[in-house]
Amino acid sequence: MTRADHLTAIVDLDLPGPRISRHVYGHFAEHLGRCIYGGFWVGEDSDVPNVRGIRSDVVDALRALQIPNLRWPGGCFADDYHWRDGIGPRDQRPRMVNSHWGDVVEDNSFGTHEFMDLCELLGADPYVSGNVGSGTVREMSEWIEYLTRADDSPMAALRRENGRDEPWRVPFWGIGNEAWGCGGNLRAEQFASLARQYATYVRDHGDNTVYRIAAGADSDDMHWTEALMRSFDQAGLGQSPAAPFQALSLHYYTMTGSWSAKGSATQFTTDEWYLALARAAHMETLLQRHSTVMDRYDPQRNVGLVVDEWGTWWDVEPGTNPGFLYQQNTLRDALVASTHLDAFHRHADRVVMANIAQTVNVLQAMLLTDPDSGALVLTPTYHVYEMSTGHHDADALAVHLKDVPAVETAGKELPLVSASASTRGDTALVSISHLDAAESRTLVVDLRGREVTAHTARILTADRVDAHNTPDALDRVAPRPHDDAVRPHPRGLEVTLPPASFVTLSLTLA
């Protein structure tokens with residue numbers, strides 16, 4: 001491990017950069033395990049407090065995050081989902097087999113109307129993933145018409161028959177999901193042609209303008225990104241937003257093992273702690289590489305990059321259905337999240353949206369619902385999102401880190417501090433992730449260009465790196481004030497960083 005006695009973060013408060021879209025704080029809800037059924041949806045007859053079958057405490061917790069958007073119904077599930085099966089009277093909806101996730105039969109009681117009701121309760125924009133893998137162009141075209149058309153068209157009339165008079169606003173639409181895998185096992189050039197075709201028929205109805213997102217690459221598959229970028233003709237790229245689709249996606253998951261043995265969520269060594277954070281830091285490299293490919297064809301950056309699946313993927317909790325992907329969420333997951341968010345902030349000129357996987361009870365969830373006690377658990381990752389709401393739609397500020405110590409893991413150097421900052425009006429927010437598992441450090445935050453008239457600080461940490469929240473210990477990992485660890489310094493502020501901690505500094509500017 002390399003050491004440094006003078007650790008500094010330089011922030012130019014008077015040089016705002018690109019806008020950090022609030023949509024990089026987006027979420028993902030797939031028909032997978034207990035994310036929908038038992039997570040969001042309990043049914044109107046449940047003893048759990050609910051609004052029209054949607055769990056009330058889940059809605060309240062997510063509203064506190066100012067959740068900007070929600071992606072649904074998948075994921076791999078999306079390319080098996082036929083939307084007409086999820087409309088009409090619930091007791092008359094056909095059942096279906098969820099072949100991807102647990103091979104269970106579901107009754108389609110949560111469908112289009114329930115999802116749109118959920119989004120309205122959350123105050124979140126819907127991000128609908130359309131079925132390219134097993135669907136048709138007509139099916140997708142009729143779904144967007146059903147959702148967003150106001151007149152007496154056939155699909156609008158059908159929506160009214162099912163109880164919704166006014167159309168909904170649907171700003172985001174996915175053209176397939178993981179078309180290189182569960183979404184069809186297609187080659188890049190095959191899908192590029194299909195994406196153009198399907199996107200053409202996802203029409204803007206009335207004043208609803210759709211931002212169409214083509215299923216993009218898996219991790220470091222630069223060829224996939226290049227094939228999609230090459231599918232644009234010059235006229236399409238010259239428009240803002242581009243046409244016929246406006247963005248492409250990227251998927252990347254963090255684990256310490258292989259796909260067959262991903263590593264434990266709660267039982268890990270110090271070496272595995274650093275390995276996980278190093279693999280999370282690889283997101284920065286991926287954003288740089290995919291952006292470079294996109295820049296060759298689109299230097300004006302009219303095409304957005306949407307990281308609509310990311311997060312940790314560990315082995316499931318012992319005793320749970322392996323197809324339900326239920327895992328615990330520790331302080332390590334929180335720092336994986338915070339370092340990802342730093343990377344998204346730094347690439348705000350290209351990354352227009354990101355969706356952590358997933359929102360409730362699945363993978364790196366914000367919330368865990370306990371089926372026995374009915375308790376709602378806020379995870380450490382949830383708290384990172386809550387502490388970061390000040391970055392929503394704020395202007396990015398460059399943060400220059402000097403003399404940052406590093407640790408070597410898997411043949412690479414992992415810097416032990418990650419940071420980002422943003423400003424809005426007369427405020428600024430600085431986020432600092434201290435990744436050292438054992439040592440405290442002092443960081444000088446060198447604040448330039450504007451006078452700071454007041455500051456407050458918060459911290460998320462715990463007594464153990466594997467600490468997590470449970471129904472019996474809801475606040476073992478929770479934010480607390482950190483003002484007593486922040487001191488004036490001739491160049492700004494000096495802050496103590498305990499081991500394995502996430503700190504935010506909220507600044508009032510003159």
Any side-chain donor near an acceptor of the partner, [X] and [Y], under 3.5 Å:
X: His347; Y: Glu284; result: yes
X: Gln327; Y: Trp313; result: no
X: Gln364; Y: Thr381; result: yes
X: Glu189; Y: His223; result: yes
X: Glu30; Y: Gln358; result: yes
X: Arg34; Y: Asn321; result: no
X: Asp333; Y: Thr379; result: no
X: His27; Y: Asn69; result: no
X: Thr330; Y: Asp466; result: no

Would you call [X] and [Y] a side-chain contact if the rule is heavy atoms closer than 4.5 Å?
X: Met283; Y: Thr254; answer: no
X: Thr409; Y: Arg279; answer: no
X: Asn361; Y: Thr369; answer: yes
X: Val495; Y: Thr442; answer: no

Can you tell me if Asp308 uses its side chain to pair, donor with acceptor, with the backbone of Asn355 under 3.5 Å?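 Such a contact is absent between Asp308 side chain and Asn355 backbone.
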Hey, is the main chain of Asn469 close enough, under 3.5 Å, to the side chain of Gln328 for a donor-acceptor pair?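 A pair under 3.5 Å: yes.
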Does Trp314 have Arg332 sitting over its ring (NZ/CZ under 6.0 Å from centre, angle to axis within 45°)? yes
Between Arg212 and Phe245, is NZ or CZ placed under 6.0 angstrom from the six-membered ring centre and within 45° of the ring axis? no
Could you name each residue pair satisfying salt bridge (charged side-chain N to carboxylate O under 4.0 Å, His left out) that touches residues 491-507, not counting sequence neighbours?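 Pairs touching residues 491-507 that pass the test: Asp446-Arg491, Arg487-Glu494.
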Before giving the answer on side chain to side chain contact (heavy atoms under 4.5 Å, CB included), spell out for Val503 and Leu497 the whole-Å C-alpha distance, their side-chain angles and the decisive distance to 0.1 Å. CA-CA 8 Å; Val503 172; Leu497 303 176; 4.0 Å; yes
Can you sort out the partners of Asp393 under salt bridge (charged side-chain N to carboxylate O under 4.0 Å, His left out), two or more places apart, ordered by chain and number? Arg22
By salt bridge (charged side-chain N to carboxylate O under 4.0 Å, His left out) - contacts of Asp370 (at least two apart):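 Per chain and number, Asp370 pairs via salt bridge (charged side-chain N to carboxylate O under 4.0 Å, His left out) with no residue.
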Test side-chain hydrogen bond (donor to acceptor under 3.5 Å, both in side chains) applied to Ser433 and Ser338, step by step: CA-CA 7 Å; Ser433 299; Ser338 63; 2.7 Å; yes
For Tyr127 and Trp173: C-alpha separation, side-chain torsions, deciding distance, then whether ring-ring contact (aromatic ring centres under 6.0 Å, His included) applies. CA-CA 6 Å; Tyr127 173 11; Trp173 197 276; 9.2 Å; no
Between Asp349 and Arg19, does any side-chain N to carboxylate O distance fall below 4.0 Å?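 Not counted as a salt bridge, because no side-chain N and carboxylate O are separated by less than 4.0 Å.
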Should Asp395 and Arg424 count as an ion pair when the cut-off is N to O under 4.0 Å? no
Can you list every pair that meets ring pair (Phe, Tyr, Trp, His ring centres under 6.0 Å) and has a residue in residues 281-312, with sequence neighbours left out?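 Qualifying pairs, neighbours excluded: Tyr252-His282, Trp310-His340, Trp310-Phe344.
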Could you note down all residue pairs passing ring pair (Phe, Tyr, Trp, His ring centres under 6.0 Å) where residues 444-487 supplies at least one of them, sequence neighbours left out?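 As it turns out, there is no ring pair (Phe, Tyr, Trp, His ring centres under 6.0 Å) pair with a partner in residues 444-487 once direct neighbours are skipped.
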The side chain to side chain contact (heavy atoms under 4.5 Å, CB included) partner of Leu277 among Val407, Leu416, Leu335 is Leu335
Can you name the residues that form a disulfide bond (SG atoms under 2.5 Å apart) with Cys182, not counting sequence neighbours? Cys76
Please step through side chain to side chain contact (heavy atoms under 4.5 Å, CB included) for the pair Arg480 and Thr461, ending with a clear verdict. CA-CA 9 Å; Arg480 65 175 189 266; Thr461 190; 3.8 Å; yes
Could you tell me whether His31 and Phe77 have their ring centroids closer than 6.0 angstrom?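 His31 vs Phe77: aromatic centres under 6.0 Å.
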Angle class for the Tyr25/His392 ring planes (parallel below 30°, perpendicular above 60°, tilted otherwise)? tilted
